[in-house]
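Since the structure comes first, as structure tokens, the remarks are kept for the end.
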Amino acid sequence: MSEPPLEFFASLNFSSSNEDGETELAALAGARRIVCLTGTGTRVLDLLLSDADEVIALDANPVQNALLALKVAAIEYLDRDGYLAFLGIAPGGERLKQYAGIRDRLPAAARDYWDRNRRMIASGVWLAGKWERLLGWNGRFLAMVRGQAVAALMNAPSIDEQARIWRRSFAPGRLRGAIEAIGRDLVWRMVMREPAGAFLPGAREAGRRIEADFERASRSFLFRQSDVATLALRGRHCPDGALPVHLRAGNYDRIRAGLPRLRPLVGGLADLARLDTGACDGFSLSDFGSYCGPADYAACWQGVMAAAAPGARYCERIFMNEMDVPSARIRIDRHLSEGLTDVDKSIIYRIRAGTIDGVGR
Ligand SMILES: C[S@@+](CC[C@H](N)C(=O)[O-])C[C@H]1O[C@@H](n2cnc3c(N)ncnc32)[C@H](O)[C@@H]1O
């Protein structure tokens, strides 16, 4: 990436879950070596439920990989109940004691980071990211001004009833401000210092799109079954509510057994030609396009194409900064993309999935 804003790429920006790993598992099924942008680490860990021999967790921000290292070491060390308490999804008063058992398993860079940030560990890293803290405030604000409406929404007996509650209680002029706040460029630029703020379409349009996405989602799936909707509306998760795929009760031991298949790597997508990945046949790209203009977007895809085995599959998420794919080698499977967008429970993303032609490495 060209001149990344240093503060952002040296901070813990994402820590819990704001995508829907079921989508990537479906889009990349059958891939044997997957490159996955790390972010919160949730998609990476979810993808350990695939048959891939290797999942390479790539992030330009070493702090996000330090978070993943902490999660990996904690999963190795703790059972599921202990892990949920360590993260802060369940109550826990022993996190620093748990950390004492975990820290020797960490690579040196991650250990240094977490030794300096024990306060985050003490209060639970799950909600320590900048975005999670914003969503936490948003959730507390919603609870204060519309607690009953949020409860009605999260307990709706059917999708139809949920959509009615949404229209009645969250329609323009009522809770619009709280929802729109997530899309305001002022929030992105000044509060979050998010480089993606530079590529938003403007406060009104961003707010309009987020509101439309929530309205569409209210007609598509039950919010209480989506960890992303739960985080957006309640500002937190709980052990018996919706959780990302890898944290669901039946999956924890499989994830733990899959940890040796995970390989962390610090670097940018555009650097992939120089990074020692081997030929990869799956790419989980999240919404990297939110962070770049067309030239950097093309450079990132060049990196992906350089590392891609012929016929490799990719899954990209598009938030607001939609750009055309920069090469005819990148084939879009429109049917698959639309189908995945329809069932994805992360509310704000469109899915673009397909294959990459060519000789690759
Ligand atoms: C695209 S962001 C979205 C966050 C996402 N919702 C998540 O947490 O899974 C995911 C991560 O990608 C990283 N990132 C963005 N553009 C990148 C690039 N071109 N190369 C490598 N990492 C990148 C950011 O540092 C961030 O941690």
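Order of listing sets the numbers, starting from 1, for every ligand and every atom in it.
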Supply the atom-to-atom distance Ser290 OG to Ile318 CD1, rounded to the nearest 0.5 angstrom. 9.0 Å
Could a heavy atom of Thr42 be found less than 4.0 Å from some atom of ligand 1? no
Heavy-atom contacts under 4.0 Å between Ala60 and ligand 1: side chain, backbone, both, or neither? both
With a cut-off of 4.0 Å, which atoms of ligand 1 are near a heavy atom of Gln64? 27 (O)
Side chain, backbone, both or neither: which part of Arg317 comes within less than 4.0 Å of ligand 1 when only heavy atoms are counted? neither
Proximal ligand 1 atoms for Gly267, defined as those under 4.0 Å from one of its heavy atoms: 21 (C)
Please state whether the rings of Phe288 and Tyr297 are parallel, tilted or perpendicular, taking 30° and 60° as the class boundaries. parallel
Those atoms of ligand 1 less than 4.0 Å from some heavy atom in Asn18: 5 (C), 6 (N), 7 (C), 8 (O)
So, do Leu336 and Leu340 sit near enough that their side-chain heavy atoms are less than 4.5 Å apart? yes
So, regarding Ser286 and ligand 1 (criterion: nitrogen or oxygen to nitrogen or oxygen, under 3.5 Å), is there a contact or not? no
Do the side-chain N and O atoms of Ser346 and Glu19 include a donor-acceptor pair separated by under 3.5 angstrom? no
Run the contact test for Phe9 against ligand 1 with a 4.0 Å cut-off on heavy atoms, strictly below, and give the result. yes
Does ligand 1 come near enough to Phe288 that some N or O of the ligand is less than 3.5 Å from an N or O of the residue? no
Leu37-Met323 co-clustered via ILVMFWY side chain contacts under 4.5 Å: yes
Step by step, work out the side chain to side chain contact (heavy atoms under 4.5 Å, CB included) result for Phe141 and Arg146. CA-CA 8 Å; Phe141 174 71; Arg146 284 291 186 283; over 6 Å; no
For Asn61, atoms of ligand 1 separated by under 4.0 Å from a heavy atom: 25 (O)
Taking a cutoff of less than 4.0 Å between a non-hydrogen atom of the residue and any ligand atom, is Tyr349 in contact with ligand 1? yes
Proximal atoms of ligand 1 relative to Gly268 (non-hydrogen, under 4.0 Å): 20 (N), 21 (C)
Please check if atom CZ in Arg331 has more than 12 non-hydrogen atoms from other residues, nucleotides or ligands closer than 6.0 Å. no
Among Asp287, Asp271, Leu37, Thr38, the residue with a heavy atom nearest to atom 2 (S) of ligand 1 is Asp287
Residues that Tyr314 engages under ring pair (Phe, Tyr, Trp, His ring centres under 6.0 Å), provided they are two or more places apart: Trp301
With sequence neighbours excluded, what pairs up with His246 under the ring pair (Phe, Tyr, Trp, His ring centres under 6.0 Å) test? none
Show the atoms of ligand 1 that are less than 4.0 angstrom away from any heavy atom in Cys300. 19 (N)
